[in-house]
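Bear in mind that the values here come from a model prediction, so they are computed numbers and not experimental data. Protein chains get the first letters and strands the later ones, always in sequence-line order, with residue 1 at the start of each.
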Protein chains: 2
Amino acid sequence: MDGLKVSQLGARAGVSADTVRYYDRLGLLPATERSESGYRLYDERAVARLRQIRQAQAMGLRLSQIAELMRTLDGGECPCEETVEAMSERRAEIDAEIARLTALRDQLDAAIAAGETGECCDPCEDECVPEVLRPRKEVNP
Amino acid sequence: MDGLKVSQLGARAGVSADTVRYYDRLGLLPATERSESGYRLYDERAVARLRQIRQAQAMGLRLSQIAELMRTLDGGECPCEETVEAMSERRAEIDAEIARLTALRDQLDAAIAAGETGECCDPCEDECVPEVLRPRKEVNP
DNA sequence: CTTGACCTTGGAGTCGACTCCAAGGTCTAC
DNA sequence: GTAGACCTTGGAGTCGACTCCAAGGTCAAG
Ligand SMILES: [Zn+2]
Ligand SMILES: [Zn+2]
Ligand SMILES: [Zn+2]
Ligand SMILES: [Zn+2]
């Protein structure tokens, strides 16, 4: 009777019941109490934790990293240092991805500009293929 | 005897035999000739096409988009307009992703800076949780 | 007592571009 | 003739964070 069921807990943090069960499977939520009939029953501490997980996700952390932080926390230790570490790690990954995508975008911009101003496939060689997609010559291994 | 086998074709464009077979499955390569014993045999046109596919990929296009362009090409039509369209589509997606990641990175930077200068979990409320990961209040649906 | 809304479980499907596998066939060289 | 390097096929596995499923159990209202 007392205690939130999966979809009630989910609603308190804006996630689906499925997602709550998924996090539970991954061990992100505190050890679950169960009703006689087997229903998961959560308390306010679980609400706080679920929101904390979502907050960590919004900061770009992966569930695997969050799981580690939760383990530290449940072990009674302070997760501060580990959190900064995890965030720095993710920052580096995200930065690399931004760099990759930015270079790609610039290439695309140039190609789109060239494609819009150029004649259709002019000058044609062999096959009709837009300049920007012409096969590049050798790839030496 | 004449004609390149999968790994030979792959080598000419810097991809694995598996990748060549994969592209073949997706219909990206020209209709395959086969030797008596069932081996795929490719010619120079296939080399050009495989390089063209890789070029298109380097421009950020997806294999599904490239497949469409190839269909147009094989239908004897000019793929120029479609190519610009495909590139514009991808540019928009990539741009959105860059925006998302950039915002995330900025948030992370701020959080990392706050985490490095702050006292460990100070001030603590209820549980020891770094400031940047404290559960945010209500999520109203 | 039945309807309907919830809950349980394990497992599969999604997206993209591969990569790797096993079981079997082929080809060249020694 | 036999080793070894290639080829064939269909299918499964990878990464991440879900989402959806079927088959069955539970519970409150009418
Ligand atoms: Zn042309
Ligand atoms: Zn054209
Ligand atoms: Zn603390
Ligand atoms: Zn701390």
Side-chain angles (χ1 to χ4, degrees), chain A residues 1-29 32-42 46 50 53-70 86 89-90 93-94 96-97 100-101 104, chain B residues 1-29 32-42 46 50 53-70 86 89-90 93-94 96-97 100-101 104:
Chain A
M1 252 357 177
D2 56 331
L4 301 150
K5 282 173 275 180
V6 278
S7 60
Q8 292 170 323
L9 172 61
R12 294 283 299 276
V15 307
S16 73
D18 266 331
T19 300
V20 171
R21 278 187 288 259
Y22 177 60
Y23 289 172
D24 190 31
R25 266 191 250 196
L26 295 186
L28 291 167
L29 295 173
T32 324
E33 299 218 19
R34 297 294 184 121
S35 75
E36 278 179 34
S37 51
Y39 289 17
R40 290 171 184 81
L41 294 178
Y42 297 102
L50 181 51
I53 291 166
R54 291 256 113 190
Q55 177 60 25
Q57 265 194 308
M59 299 302 300
L61 299 190
R62 321 198 141 171
L63 293 183
S64 58
Q65 296 179 304
I66 297 171
E68 254 192 274
L69 297 178
M70 294 305 156
E89 209 177 296
R90 278 300 283 151
E93 290 174 12
I94 289 165
E97 186 64 4
R100 197 181 68 82
L101 292 180
L104 200 52
Chain B
M1 256 348 180
D2 56 330
L4 300 150
K5 283 175 273 181
V6 278
S7 60
Q8 292 170 323
L9 172 61
R12 294 284 299 274
V15 307
S16 72
D18 265 332
T19 300
V20 171
R21 278 188 288 258
Y22 177 59
Y23 290 172
D24 190 30
R25 266 192 249 196
L26 295 185
L28 292 167
L29 294 173
T32 325
E33 297 218 20
R34 298 294 184 120
S35 74
E36 277 180 35
S37 51
Y39 289 17
R40 291 172 184 80
L41 294 179
Y42 295 102
L50 181 51
I53 291 167
R54 292 255 111 191
Q55 176 60 26
Q57 264 195 307
M59 298 301 301
L61 299 190
R62 323 198 138 170
L63 293 183
S64 58
Q65 295 179 306
I66 297 171
E68 254 193 273
L69 297 179
M70 293 307 156
E89 210 177 295
R90 277 301 281 152
E93 290 173 13
I94 288 165
E97 187 65 4
R100 197 180 70 81
L101 292 179
L104 200 52

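- Distance check: Gln55(B) CD to Met59(B) CE gives 6.5 Å after rounding to the nearest 0.5 Å.
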- Task: Classify every nucleotide of nucleotides 3-10 of chain C by which part a protein heavy atom approaches to under 4.0 Å, writing B for the base, S for the sugar-phosphate alone and - for neither, in 5'-to-3' order.
- Result: ---BSBB-
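- No more than 12 heavy-atom neighbours from other residues, nucleotides or ligands sit within 6.0 angstrom of CD on Glu33(A).
- A salt bridge does not link Arg21(A) with Asp24(A): none of the charged nitrogens is closer than 4.0 Å to a carboxylate oxygen.
- In this structure, Ile53(B) places its CD1 atom 14 Å from C1' of dC18(C), rounding to the nearest Å.
- Remark: C1' of dC27(C) and CG of Asp2(B) are 16 Å apart, rounded to the nearest angstrom.
- Taking only side-chain nitrogens and oxygens, Tyr22(B) never comes nearer than 4.0 Å to OP1 or OP2 of dG16(C).
- Among Glu68(B), Glu89(B), Glu93(B), the single residue meeting the salt bridge (charged side-chain N to carboxylate O under 4.0 Å, His left out) criterion with Arg62(B) is Glu93(B).
- Here dC15(C) presents its C1' atom at 14 Å from CD of Gln65(B), a figure rounded to the nearest Å.
- In this structure, Ile66(B) atom CD1 and dA17(C) atom P are separated by 8 Å, rounded to whole Å.
- How far OH of Tyr23(B) is from CG of Leu63(B): 5.5 Å, rounded to the nearest 0.5 Å.
- Toward the 5′ end of DNA chain C lies the nearest nucleotide of Leu63(B), the other residue of the pair Leu63(B) and Glu36(B) mapping further downstream.
- Residue-level contact check: Arg90(B) touches neither bases nor backbone, having no heavy atom under 4.0 Å from any strand.
- Here Thr19(A) does not reach the OP1 or OP2 of dA17(D): none of its side-chain N or O atoms lies under 4.0 Å away.
- Atom CG in Leu61(A) sits about 14 Å away from atom C1' in dG16(D), given to the nearest Å.
- Heavy-atom nearest nucleotides on DNA chain D were determined for Ser64(A) and for Ser35(A), and the one closer to the 5' end corresponds to Ser64(A).
- Note: CD (Glu97(A)) to C1' (dG16(C)) measures 13 Å, nearest angstrom.
- In terms of phosphate contacts, Ser16(B) brings a side-chain nitrogen or oxygen within less than 4.0 Å of OP1 or OP2 of dT19(C).
- What separates CG of Leu50(B) from P of dC18(C) is a distance of 10 Å, to the nearest Å.
- The CZ atom of Arg100(B) sits 11 Å away from the P atom of dA17(D) (whole-angstrom rounding).
- Put simply, CD1 on Ile66(B) and CG on Leu26(B) are 10.0 Å apart, with the number rounded to the nearest 0.5 Å.
- Note that the CD atom of Gln57(B) and the CG atom of Leu28(B) stand 8.5 Å from one another [nearest 0.5 Å].
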